[in-house]
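Note that the structure is a prediction, hence the values are computed from the model and not measured.
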Amino acid sequence: PIPSLVIIWRLSMKVGDLYRFEGTVSMRLYGRLAVYLGEAFIHFDDGSTIENHQVLMVGEATPRTIDRGVLKWMNRVTA
């Protein structure tokens, strides 16, 4: 089967790249810049796993964990 565009897009994200939150993501993130830090899985004792990701917002010292659903609102900033 042909991979969905969402899967291809997620695979194109690179650790260390700068992204801007755009689209209809929450207003507190809209327009903000963040450095993508990569996947941050949560593993439970029952064997289930939740796929999260971490970003470091410009101007903040502590990384944030975001749900994979937020990735679609992140656009790579190019020079």
Under 4.5 Å side-chain linkage, directly or through intermediates, the cluster mates of Ile50: Ile42, Phe44
Holding to side-chain hydrogen bond (donor to acceptor under 3.5 Å, both in side chains), I want the full list of residues that pass it with Arg20, two or more places apart in sequence or in another chain. none
Can you measure from CZ (Phe21) to CE (Met27) and round to the nearest 0.5 angstrom? 13.5 Å
Check: Ile66 and Leu71 side chains under 4.5 Å, non-hydrogen atoms: yes
Which pair of heavy atoms, one from Arg64 and one from Arg28, lies closest together, and at what distance? NH1-NH1, 3.5 Å
Residues two or more places apart in sequence or in another chain: which of them pass side-chain hydrogen bond (donor to acceptor under 3.5 Å, both in side chains) with Ser48? Asp46
Rounded to the nearest 0.5 Å, what separation is found between the OG1 atom of Thr65 and the CD atom of Glu39? 12.5 Å
Restricting to side chain to side chain contact (heavy atoms under 4.5 Å, CB included), what partner residues turn up for Leu37, sequence neighbours left out? Val35, Gln54, Leu56, Pro63
If you measure from CZ on Phe41 to CG on Asn52, what distance do you get to the nearest 0.5 Å? 9.0 Å
Testing Glu22, Met74, Met57 for side-chain contact (heavy atoms from CB on, under 4.5 Å) with Leu29, which one passes? Met57
Taking the side chain as every heavy atom from C-beta outward, state whether Met13 and His53 have any atom pair closer than 4.5 Å. no
For the atom pair CG (Asp17) and OG1 (Thr78), what is the distance rounded to the nearest 0.5 Å? 10.5 Å
Only counting residues at least two apart or in another chain, list the ones meeting side-chain hydrogen bond (donor to acceptor under 3.5 Å, both in side chains) with Thr49. His43
Closer than 4.0 angstrom, basic N to acidic O: yes or no for Arg32 and Glu60? yes
Test side chain to side chain contact (heavy atoms under 4.5 Å, CB included) applied to Val15 - qualifying residues, sequence neighbours left out: Tyr36
